[in-house]
Amino acid sequence: MAVFCFEGFGMTLALEASMRERGRFSRILSQAFTGITLMYILFGFFGYMAYGDQTREIVTLNLPHDWSSIAVQLGLCLGLIFTFPIMVHPVHEIVEGKLKSSWFQKLPCISNDSNSTTRLGNLAIYISRAILVVTLAILASFVPGFAVFASLVGSTVCALISFVLPASFHLILLGSSLNLWNRALDFFILSCGLIFAVYGTYNAVVGV
């Protein structure tokens, strides 16, 4: 479940590409990663200190049914509403690239002399984004045992994207120029990702 919280790591390349000063990205990424990790650790620690073994997979289910609990749940819902479309931005880029190179060419969406998009093209892009977000939201609402599903996704996809693949790519692309410390750090991150994946997948499957 904790690894699932790093699902936004797939936004890394898109964020770097949109930065005005890309040279600062490594420092900003390190600060954000450290801060978010610390926040997750404290959130889980205080939640367990408050409810002990009775802590639910989604800690808001432990909260009393009063106005404060409703306010927290509304805040989480608003957070999901505003962040979920951003999380699927890399998917949008891939889908829209395919549409522009194939289906959009059959419509007066893209001008012939450049890659500029007309008003009809923008409307088609917005519709495709809305369809993707709504479809994923509907699929998520029909998932039974969402906590188990989130644990399984975190143990497989999120562990792969956030830990295994970045460390593997870094070793493959820059392995010959890395010093001993950098290689050890990459192997440590890679090992942690594999351990998260195996242990989390086992727990999720056994807990079904």
Side-chain angles (χ1 to χ4, degrees), residues 1-48 57-60 72 75-98 125 129 132-133 136-137 140 146-147 149-201 204:
M1 181 65 74
V3 180
F4 178 78
C5 296
F6 291 95
E7 83 280 1
F9 201 81
M11 285 288 296
T12 303
L13 296 179
L15 289 172
E16 183 181 13
S18 64
M19 286 192 65
R20 182 177 301 175
E21 300 178 16
R22 296 188 182 183
R24 301 175 55 193
F25 181 74
S26 297
R27 181 170 59 87
I28 294 175
L29 179 64
S30 300
Q31 293 174 351
F33 199 88
T34 303
I36 292 173
T37 302
L38 180 62
M39 182 179 64
Y40 286 154
I41 292 173
L42 291 176
F43 188 82
F45 174 77
F46 288 122
Y48 188 78
E57 293 88 351
I58 302 176
V59 73
T60 54
V72 171
L76 290 175
C77 290
L78 288 175
L80 288 174
I81 290 173
F82 287 108
T83 58
F84 180 70
I86 300 176
M87 291 298 102
V88 295
H89 174 70
V91 181
H92 290 323
E93 288 188 329
I94 296 173
V95 172
E96 291 166 12
K98 295 293 184 181
I125 290 174
R129 293 178 180 179
L132 178 62
V133 171
L136 293 176
F146 183 76
F149 175 76
S151 298
L152 183 61
V153 173
S155 302
T156 54
V157 179
C158 294
L160 185 69
I161 294 176
S162 302
F163 298 95
V164 177
L165 288 181
S168 300
F169 291 158
H170 194 244
L171 285 170
I172 293 173
L173 297 176
L174 302 175
S176 58
S177 61
L178 296 177
N179 55 38
L180 181 61
W181 163 250
N182 289 330
R183 290 186 182 181
L185 182 60
D186 281 334
F187 279 114
F188 175 75
I189 296 174
L190 179 60
S191 301
C192 288
L194 293 176
I195 293 173
F196 293 154
V198 174
Y199 180 74
T201 303

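What you are looking at is a predicted structure, and each value in this text was computed from that prediction instead of being measured.
- Evaluation of the side-chain hydrogen bond (donor to acceptor under 3.5 Å, both in side chains) test over residues 181-200, restricted to residues two or more places apart or in two chains, returns H170-D186, N179-N182, Y199-N203.
- In plain terms, the two heavy atoms of S168 and L190 that are nearest each other are OG-CD1, 3.5 Å.
- L185 CG to L171 CG: the interatomic distance, rounded to the nearest 0.5 Å, is 9.5 Å.
- Residues F196 and V164 fail the side-chain proximity criterion, which asks for heavy atoms closer than 4.5 Å.
- In this structure L29 satisfies the side-chain contact (heavy atoms from CB on, under 4.5 Å) test together with T12, F25, sequence neighbours excluded.
- Applying the salt bridge (Lys or Arg N to Asp or Glu O under 4.0 Å) rule to R27 yields no partners; only residues at least two apart in sequence or on another chain are considered.
- Within 6.0 Å of the CG atom in L42, the count of heavy atoms belonging to other residues, nucleotides or ligands exceeds 12.
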